[in-house]
There are 2 protein chains.
Amino acid sequence: MNEIKKMLDNENIKPTYERLSILQYLEKNHNHPTVAMIYEELVKKIPTISKTTVYNSLNLFMEKGIVAPLYITGSEVRYDLSTSQHHHFLCEQCGKIYDLTIDCPYLNKNTIEGHQIKQKHGYFRGICKSCLEKDKSQK
Amino acid sequence: MNEIKKMLDNENIKPTYERLSILQYLEKNHNHPTVAMIYEELVKKIPTISKTTVYNSLNLFMEKGIVAPLYITGSEVRYDLSTSQHHHFLCEQCGKIYDLTIDCPYLNKNTIEGHQIKQKHGYFRGICKSCLEKDKSQK
DNA sequence: TTCATATTTGAACTCATTACAAATATTAAA
DNA sequence: TTTAATATTTGTAATGAGTTCAAATATGAA
């Protein structure tokens, strides 16, 4: 919880209860949640919270670089704490998103062909190991 | 135009006028268009075409693997002919999407950590070379 | 306390995409 | 050629993520 407060302090973001709760959720749940998932969980604890606040906060965190968006599904944005750069795998069958640790030669670069890099996105999509095994045993 | 018909024949897709026109657009315009861009252009030539047909056709092409979706902007899907695998750069200032030729060690792989790969997405976002130069000269 | 500013809230809105049923075109059988 | 079955297209309505915006609330300084 102290770590989270520091993240906000470092970026001069006022640590309101809502913002702290959203960041705390992301720290505890590494499930690449949607806004709806964060909202549904937080509204249990903070009945007055609004979806707009979740959007506002996440957009602010993204601007400051402490939260990273994932565009992997194509239908809604997923969110992740910007800790270490890593790739992702989306299973098109069960919907689960896996973290991948890939030794990508561009992870530490900040320019490419003269363009200035702000975000890097490495996605794979397909059928995950677990679903492949389930499908095989059901055949 | 013959090439395009072959692509559809290979996948047993009936080459209707609408489908051919959509594929033809993608072959001639390498601008990673949205559905709206494709529709606006085609409706000039085919006044009766509907957006739903553009969506239907592109979804069919994607299933068959002859068109690849780009989720790079986060707000709407961009489309590309599935010719050679390559990475993309989105300029957050001018909105242009650049093709990148990157020697990625995973381009030819079809599994990763036991997961079966169907799609690979490599995106970079930031400020493009052209915008950087404009910004500098205006300072 | 009072005023100014920042944040949150909720309703209305935009826009991409899908669902669906009617209309049209195509193909095969009689 | 007719008829019937199937595939495709069309247009409207619905869905759902995300934004806009003004009112309400909280915060902080004078």
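Numbers restart at 1 for each chain; the letters A, B, ... are given by sequence-line order, proteins then strands.
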- Message: Taking side chain to side chain contact (heavy atoms under 4.5 Å, CB included) as the definition, give me every residue that meets it alongside A:Gln116, ordered by chain and number, with sequence neighbours left out.
- Response: A:Lys118, B:Ile127, B:Leu132
- Summary of ring-ring contact (aromatic ring centres under 6.0 Å, His included) pairs that have at least one residue in residues 40-62 of chain B, sequence neighbours excluded: none
- Query: In the 5'-to-3' direction, what one-character label does each nucleotide of nucleotides 8-18 of chain D receive under the scheme B = base within less than 4.0 Å of a protein heavy atom, S = sugar-phosphate only, - = no such atom?
  - Reply: SSBBB----SB
- Note on the structure: Residue set satisfying salt bridge (Lys or Arg N to Asp or Glu O under 4.0 Å) with A:Lys44, at least two apart, ordered chain then number -> A:Glu41
- Query: Which whole-number value in Å describes the distance from B:Leu20 CG to C:dA25 C1'?
  - Reply: 15 Å
- Query: Who pairs with A:Lys14 by side chain to side chain contact (heavy atoms under 4.5 Å, CB included), at least two apart in sequence or on another chain?
  - Reply: A:Arg19
- Residues in ring-ring contact (aromatic ring centres under 6.0 Å, His included) with B:Phe89, at least two apart? A:His115
